[in-house]
Structures are given as structure tokens and as C-alpha cells.
Number of protein chains: 2
Amino acid sequence: MDDKSLKQAGLKVTLPRLKILRLLEESTEHHFGAEDIYRLLNESGEEVGLATVYRVLAHFEHAGLVTRHNFEGGSAVYELKAGGHHDHMVCLETGQVIEFVSADIENIQRGIAESHGYELVDHRFVLFVRPKK
Amino acid sequence: MDDKSLKQAGLKVTLPRLKILRLLEESTEHHFGAEDIYRLLNESGEEVGLATVYRVLAHFEHAGLVTRHNFEGGSAVYELKAGGHHDHMVCLETGQVIEFVSADIENIQRGIAESHGYELVDHRFVLFVRPKK
DNA sequence: CTAATTGCAAAAGCTTTGCAGCGCA
DNA sequence: TGCGCTGCAAAGCTTTTGCAATTAG
């Protein structure tokens, strides 16, 4: 199954790639920094080099398996592209990332791009929020 | 005038701060990296240290004078908060940044945050586009 | 067998920080 | 005068890269 995703993506099936893909698929959390992945794997005895984690994630991104986000804070986070498209809400107090979908947003944005003479390729919509008192 | 903005923001009026604020206000371009500002100032004979540029921008951000964006690519860009609020469209071929406003987007997002039990603090909406053929 | 991938360590950005001296209020 | 700001250089982080050894197909 993992094997298949990798092959379909045109990627050679190697141990580090399988380990990383499995971690991304099996975790309840959906957003990981490279350092997180490195730490989690090594803590569970799966030895993978940090440079490899970065290279694997870059490959996954090119292959369309994951998306890279630059939220706030120094480091990027990666997320498996699975399930439908969604956007993100980041809680400024807890750092928690909530996913949501808005059909309205999806509909509006294409019109905006086109009214400026452009073709929409992708978008990033992030809400920064705080628990309601 | 510049003087006033700084005082209103509760910032001590110093030469580097004035120079940077003037650059941000007078340029037709609206988006600058710290390195850009450093280079532009020094090229026009205004000597300012790079560390100072970073510190001034951080102060400006806290004071609400500028917004910091983490688009793609290694470095952050800053933009003067002036005129109304707007969002951004980044052309993937030319790197050009276009600003736009969408009342619909503005209206929708607050509802989204609240329906999840959060209060909206800020948002980031970026469209990645390509010239229409 | 060949080309791609890995690991390590070193290097490369971008940004922040320590400290001594200078400048604004 | 006193506290905050500046500059420089050094340190810190995240991410990338060179290279020799290893592995997948």
C-alpha cells in the first residue's frame, strides 16, 4: 500500500521513504516539521538521518504526496496530501492547527485570479485565531 | 510626518528608524526583505547595520506599523500597513506580488473562525498564479 | 551493473543576540 | 543623566550540499 503510493509517485521504494510515509499516514497529527519526523523515528528505533528526512520530504513534495507550509515560526511543516483539499486555522495560544473547508472560499478565489488576468495554480489560506472567551 | 507615525507608535525617533520608514513609505514597491532594505539604504549612502534593520522591523511589527509575510523562499518580507487591508497574489513565473481586496473573503472568514469556537485575530490569504495564456 | 539514495559532516542562508559605545528624551 | 538604540561580530536555527559508501531495480 505504502509501497504502491511510492511507486505510483515514481519514487524508488527505500526504507527511509517507507518509514517516513508510514509515520505521516498513521499519525493522528497531520502536521510535521522535518525535525519532528527525525526525532519521532529515531525515538522509536528507526534510524534515519536528518538530511535524509529533508531530502525525502522534498521528493515527496515534488511528487505531489505532501504539501509544505510556511506558517509562522522558523521551520516549515509538511502534511500528507490526502482526503479532500482544506485550509488551516492556527491557534495563536496553543499552536494547534485545525483544518477546515470552505466551498465559498474555493469558489471565490478563482474568480479573483482571473479578473486580474491570471490562472490560479494554488493558494494558501490561513486563519490566525484565539479561543473565544 | 514620519516623526509623528513613530511617536504615535510609541517608538523613539532615531535616524535608522526614520530612514527605514521613509524607504517603506516612498517606494513604489511595497514588499521588502530585510536584506533589500539594508542594501537599498547603503547604496544610497545611508549607512545602517543589518542587525538594526532586523530590530527596527521587529519593533515596527510589534507596533503595528508593518506586517511580516512568510511567502515562499527562505526570507520574510515586510510591508507597510497602510491603506486598507488587502491580500496577495504571487505570480509563480515572475515572482511579482499583486495586492487585491475581496470583501467576500473578509466576510466569510470571521464566520469560519467562530463556527469553530474561535475568535479571528488575523489571516493570510495568498493566491499562487500564472499568467493566463 | 548502474544510477539513485543514504549518512555524516561541513556549509550555507536568514535571523537573533551579547556587548560596548552613542544618542534621544 | 539614564535608558534605549546602534553596530559589529559571533552565535543560532533551519535547511542544503559534497562525498564516499550502500542499495534498489
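In what follows, chains are A, B, ... by sequence order, proteins preceding strands, each numbered from 1. This is a predicted model, so every value here is computed, not measured.
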Legend entry - Exceeds 12 heavy-atom contacts within 6.0 angstrom, atom CZ of A/R110: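 No, the 6.0 Å shell around CZ holds no more than 12 heavy atoms from other groups.
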
From [atom1] of [X] over to [atom2] of [N], roughly how many Å is that when rounded to an integer?
X     : N      : atom1 : atom2 : result
B/Y54 : D/dG12 : OH    : P     : 18 Å
B/Y38 : D/dT6  : OH    : P     : 15 Å
A/I20 : C/dT6  : CD1   : P     : 8 Å
B/K19 : D/dG7  : NZ    : C1'   : 12 Å
B/K12 : C/dC24 : NZ    : C1'   : 5 Å
B/L57 : C/dT17 : CG    : C1'   : 17 Å
A/L15 : D/dT22 : CG    : C1'   : 12 Å
B/N70 : D/dC13 : CG    : P     : 18 Å

At 4.0 Å (heavy atoms only), tell me whether [X] reaches a base, stays on the sugar-phosphate, or touches nothing.
X     : result
A/R17 : sugar-phosphate
A/E47 : sugar-phosphate
A/A76 : sugar-phosphate

Inset, instruction - For B/T67 and B/R124, run side-chain contact (heavy atoms from CB on, under 4.5 Å): C-alpha distance rounded to whole Å, both residues' side-chain angles, the deciding distance at 0.1 Å, then the answer. - result: CA-CA 11 Å; B/T67 308; B/R124 205 111 315 164; 3.8 Å; yes

Inset, instruction - Tell me which nucleotide among D/dT6, C/dG7, C/dT15 gets nearest to the side chain of B/R68. - result: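 Shortest atom-to-atom distance from the side chain points to C/dT15.
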
Inset, instruction - With DNA chain C as reference, determine whether A/H59 or A/L50 sits nearer its 5' end, using the nearest nucleotide of each. - result: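 Its nearest nucleotide lies further toward 5', so the answer is A/H59.
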
Inset, instruction - Record whether the side chain of B/R55 comes under 3.5 Å of the base of D/dG4 through a donor-acceptor pair of N or O atoms. - result: no

Legend entry - Distance-only polar pair, side chains of A/H31 and A/D36, donor-acceptor under 3.5 Å: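 Their side chains do not contain a donor-acceptor pair, so the 3.5 Å distance test is not met.
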
Inset, instruction - Please check if any side-chain donor atom of B/H123 sits under 3.5 Å from a side-chain acceptor atom of B/Q109, or the reverse. - result: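 The criterion, which ignores hydrogens and geometry beyond distance, is satisfied for B/Q109 and B/H123.
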
Inset, instruction - Determine: side-chain N/O of A/T14 to OP1/OP2 of C/dT6, distance under 4.0 Å, yes or no. - result: yes

Inset, instruction - Fit a plane to each ring of A/F125 and B/F125, take the angle between them on a 0 to 90° scale, and name the class: parallel (under 30°), tilted (30 to 60°) or perpendicular (over 60°). - result: perpendicular

